[in-house]
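Below: one structure, written as C-alpha cells.
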Amino acid sequence: MNIDLLLKNAQIVDGTGAPWFCGSVTVQNGEISNIIRGDTSDVDAQKMIDVKGAVVAPGFIDTHSHSDLQLFDSPSLAPKIHQGITTEILGQDGFSMAPMHRDGGAKEWQRHLSGLAGDVTLDWSWGDTASYLDAIEENGVAPNVAMLVGHGTVRYNVLGMSDRAPTEAELNKMADLVTTALNDGAIGFSTGLVYSPQVNASTHEVQTLAAQLAPYGRPFVAHIRSEGDMMWEALDEFIDIGAEEDVPLHLSHYKVIGGAKKGHADRANHLLESARERGVDITAEQYPYLAGNTLLSAVLPPWVHADGPDRALEYLADDESRERIRKDIEEWRIDGWENQGPRTGWENIDVRNLNTDVWTDYEGASVAAIADERDQNPVETVCDLLYDENLTPSMILHTLNENDVRKIMQYERVSIATDGLFGAEPHPRTYGTYPRVLGRYVREEEFSYLRRRSER
C-alpha cells in the first residue's frame, strides 16, 4: 500500500463517543484513507510520523465563531487552526454579514459591529448569502466555514436600527429573507436578544422567523434574553418556540451568571433535560472560562443604538442624553433589559481593543479603575471611551463561577466553542479554548468531560 502520510502509534479519538484506541492513520490526497488498529509494517508511506502516543482526532468544529470578517483579513485564521479547529460556524448572536441589501447598509452594519467583528478594511462586494460564501471562497480560507443567517441582520435590512415593532408586511419580508438565506446555503438561524437591533423583538417576531426553519430541519441558535436574573423566563421563551415550531434548538455560550443565578447550573441543566423529555431537540455549547467577551457598547441602553452608529455617537456627545443614559443604567429604568454594567459590576468589566492615544494606556483595565483614575462616574467613563474610540472597544466580563462551569461542561448535551473575538489583546479563548479543555480539565485534572461520553 503506497500512501502519502502515516501517523503511527497514536491514541485515536474518533469523535463518535467511542473509547480511544491505539492505532495509526493514513492520509492520501489530503484525506484520511484508513485507520489501522494493528501492524503497519506493510504500509509504504512517503512520509511517516511516529506520534508516540499523542492523541490524533478529527478537527474541532467551533460552533460559535466571530470570524465573519476576520477571515478576509487573515484567511488562515491562525489562532483557530493552531488549536485544531477546522470548521467555523459564523453568523452568531443574530449578526451575520449577509444578506445585506439595505442602501449604504454594509458600512453602517460593519461600524455597528466593529466591537464584535473587528475593524476590518475590506471591499464588501456581496449582497446575498450565496455571494458572501463565494467571496470567502474566492479570498481563500484555511478552515471550512458555514453560516447562520442572523436575526439582527434581517431586521436591519427591513427596519434599520429602529426599536419599533415591524408591521406584519415587514415581518413577512424578514421571514422571506431568512428563507432565501436558507436556500442560499445558511445552515440555520441565530439571534442575540440582548443586542441591538434584535433586543427590540417580541416573542411573536422571533417565533415567526424561527418558524422558517421547520421545512429544512435546521437549528435555531440563540443568545437568549438573559443569562442572569431573568434566565429561567428567557429559557422558557426559547424552549417554547422550539416546541411549538418543531425546530431544533441550540443554546449559545451556555452559562449562569449574576448573583441570583450563580450556583444554579444543576437547575439549568435540569430545565434543558426536561425540554428534551418534552420532545424538544435542544443542545448547547460552552466556552471553558470564567469571563465573557463582547462589544462594550452593549452596556448602553437599547435606544442609544436605535438610529444607527452616527446617532449613537451624537447621544454620547450630548450632556442631556448622557444623563438619560446614566439614569437608565444606574436606576434600572428599562424593564426586561439585560443591564450588563451594574449586573456584572464595573470593577469586573475590563476594556479591550483600544486604539487612540487617549485610551491605549488603559488597555485591559477595569471600567471602575479607569473611572477612579479619571475621577469620573463609570457611566461617564464608558461614554467618553466609546465616543473617542468610535464604538470599537470590546469588554471582558468576569461573571462566572468555576463550579457552574464544571457542571455545565459535564452535561452531555454541551459541546465546546470559542466565542472568540479578535483585536489587540483578545480574550484567551480566541487562542486557547480547546487546549484549555484538553490540557487543564482532561489531562491535568483527569476531568470526566470526555470520559463520560466514552462510557455511554
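Keep in mind that the numbers below use all heavy atoms, side chains included, and drop hydrogens, waters and symmetry copies.
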To the nearest 0.5 angstrom, please state how far the CG atom of L251 sits from the CG atom of L272. 6.0 Å
May I ask you to decide whether D404 forms a salt bridge with K255, counting only side-chain N to carboxylate O separations under 4.0 Å? no
How many angstroms lie between atom CG of N348 and atom CZ of R343, to the nearest 0.5 angstrom? 11.0 Å
Can any side-chain N or O of T430 pair as donor or acceptor with the backbone N or O of L421 at less than 3.5 Å? yes
If you measure only the distance, is there a donor-acceptor pair under 3.5 Å linking the side chains of D62 and T418? yes
Side-chain donor or acceptor of R429 paired with backbone N/O of N293 under 3.5 Å: yes
Candidate pair D350 and H398, rule side chain to side chain contact (heavy atoms under 4.5 Å, CB included), full reasoning: CA-CA 8 Å; D350 301 337; H398 300 272; 2.8 Å; yes
Would you say that more than 12 heavy atoms from the other residues, nucleotides or ligands in this model lie under 6.0 Å from the CD1 of I61, or not? no
If every non-hydrogen atom of P143 is compared with every non-hydrogen atom of P75, which pair is closest and at what distance? CD-O, 3.9 Å
Within the structure provided, determine whether T121 and D73 are in side-chain contact (heavy-atom separation under 4.5 Å). no
Backbone N or O of G91 within a donor-acceptor pair of the D68 side chain at under 3.5 Å? yes
State whether the side chain of E108 and the backbone N or O of G104 hold a donor-acceptor pair below 3.5 Å, judged by distance alone. no
Residue from H223, H253, Q92 passing side-chain contact (heavy atoms from CB on, under 4.5 Å) with D419: H253
More than 12 heavy atoms of other residues, nucleotides or ligands under 6.0 Å from OH of Y216: yes or no? yes
salt_bridge(E273, R278) N-O dist < 4.0 Å: no
Could you report the tightest heavy-atom contact between I3 and Q28, atom names first, then the distance? CA-OE1, 2.9 Å
Please determine whether a side-chain nitrogen of the Lys or Arg among E331 and K327 lies less than 4.0 Å from a carboxylate oxygen of the Asp or Glu. no
Report yes or no: does T153 contribute a side-chain atom to a donor-acceptor pair with the main-chain N or O of S96 at less than 3.5 Å? yes
If we only count heavy atoms from C-beta on, is the N157 to M100 side-chain gap below 4.5 Å? yes
Assess the pair F72 and W126: is the distance between their ring centroids shorter than 6.0 Å? yes
Would you please indicate if the ring centroids of Y289 and H427 are separated by under 6.0 Å? yes
If only side-chain N and O atoms count, and only distance matters, is there a donor-acceptor pair under 3.5 Å linking D163 with W303? no
A298 versus Q340, closest heavy-atom pair with distance: CB-NE2, 3.8 Å
Which value, rounded to the nearest 0.5 Å, describes the distance between L354 atom CG and D361 atom CG? 10.0 Å
Just checking, is any N or O donor in the side chain of T344 or T399 under 3.5 Å from an acceptor N or O on the other one? no
Aromatic rings H66 and H64: how do their planes relate, parallel, tilted or perpendicular, breaks at 30° and 60°? perpendicular
Tell me whether the guanidinium CZ or amine NZ of R436 lies under 6.0 angstrom from the six-membered ring centre of Y441 and within 45° of its axis. no
Got a salt bridge between E205 and R155, using NZ or NE/NH1/NH2 to carboxylate O under 4.0 Å? yes
Would you call L71 and L90 a side-chain contact if the rule is heavy atoms closer than 4.5 Å? yes
Just so I know, are the side chains of L193 and E237 near enough to count as touching, which here means a heavy-atom distance under 4.5 Å? yes
Going by an N to O cut-off under 4.0 Å, is there a salt bridge joining E314 and R311? yes
Nearest 0.5 Å, please: how far is CG in L300 from SG in C383? 6.0 Å
Measure the spacing between CG of L209 and OG1 of T179 and express it to the nearest 0.5 Å. 9.0 Å
Determine, stepwise, if the pair S196 / H305 fulfils side chain to side chain donor-acceptor pair (under 3.5 Å). CA-CA 6 Å; S196 292; H305 302 287; 4.7 Å; no
Do N390 and T392 have side-chain atoms, one donor and one acceptor, less than 3.5 Å apart? no
Mind listing the closest non-hydrogen atom pair of A98 and Y132 along with its distance? CB-CB, 3.7 Å
So, S74 versus S76: side-chain donor-acceptor pair below 3.5 Å or not? no
Do you know the tightest heavy-atom contact between E170 and A165? OE1-O, 4.4 Å
Before giving the answer on salt bridge (Lys or Arg N to Asp or Glu O under 4.0 Å), spell out for R324 and D318 the whole-Å C-alpha distance, their side-chain angles and the decisive distance to 0.1 Å. CA-CA 10 Å; R324 180 184 172 192; D318 176 66; over 6 Å; no
Quick one about R413 and N269 (side-chain donor to acceptor, distance below 3.5 Å, no hydrogens or angles considered), yes or no? no
Does any donor atom in the side chain of E285 or S415 lie under 3.5 Å from an acceptor atom in the other side chain? no
Heavy-atom closest contact (I241 atom, Q207 atom, distance): CG1-OE1, 3.9 Å
Going by distance alone, is a donor N or O of one side chain under 3.5 Å from an acceptor N or O of the other, for N183 and T180? no
Can you check side chain to side chain donor-acceptor pair (under 3.5 Å) on E347 and S366, steps first, answer last? CA-CA 6 Å; E347 71 281 5; S366 72; over 6 Å; no
Between the side chains of N377 and E330, is a donor N or O closer than 3.5 angstrom to an acceptor N or O? yes
For the pair N200 (side chain) and R164 (backbone), establish whether a donor and an acceptor sit closer than 3.5 Å, ignoring hydrogens and angles. no
Flag the pair E88 and K80 as a salt bridge only when some basic side-chain nitrogen lies within less than 4.0 angstrom of an acidic carboxylate oxygen. yes
Take atom CG of D357 as the centre, draw a 6.0 Å sphere, and report whether it contains more than 12 heavy atoms from other residues, nucleotides or ligands. no
Under the side-chain contact (heavy atoms from CB on, under 4.5 Å) rule, collect the residues that match up with A312, sequence neighbours excluded. V304, L391
Kindly indicate whether the side chain of F189, heavy atoms from C-beta on, has any atom under 4.5 Å from the side chain of V247. no
With a 4.5 Å limit on heavy-atom distance, are the side chains of Q198 and Y156 in contact? no
Report, as yes or no, whether the 6.0 Å neighbourhood of atom NE2 on H82 holds more than 12 heavy atoms from other residues, nucleotides or ligands. no
Answer yes or no on whether R322 is positioned over the face of Y315, meaning its NZ or CZ is under 6.0 Å from the six-membered ring centre and within 45° of the axis. no
Electrostatic pair R326:E323 at N-O distance under 4.0 angstrom: yes
Any side-chain donor-acceptor pair under 3.5 Å between N353 and E425? no
Would you call S394 and L296 a side-chain contact if the rule is heavy atoms closer than 4.5 Å? no
Trace of the side chain to side chain contact (heavy atoms under 4.5 Å, CB included) decision for L213 with L182: CA-CA 8 Å; L213 296 160; L182 294 171; 4.0 Å; yes
If you define the side chain from C-beta out and look only at heavy atoms, does anything of I416 sit under 4.5 Å from Q286? yes
For a side chain to side chain contact (heavy atoms under 4.5 Å, CB included) check, start with the C-alpha distance between I89 and H250, then their side-chain angles and the critical distance, and finish with the verdict. CA-CA 13 Å; I89 309 300; H250 185 75; over 6 Å; no
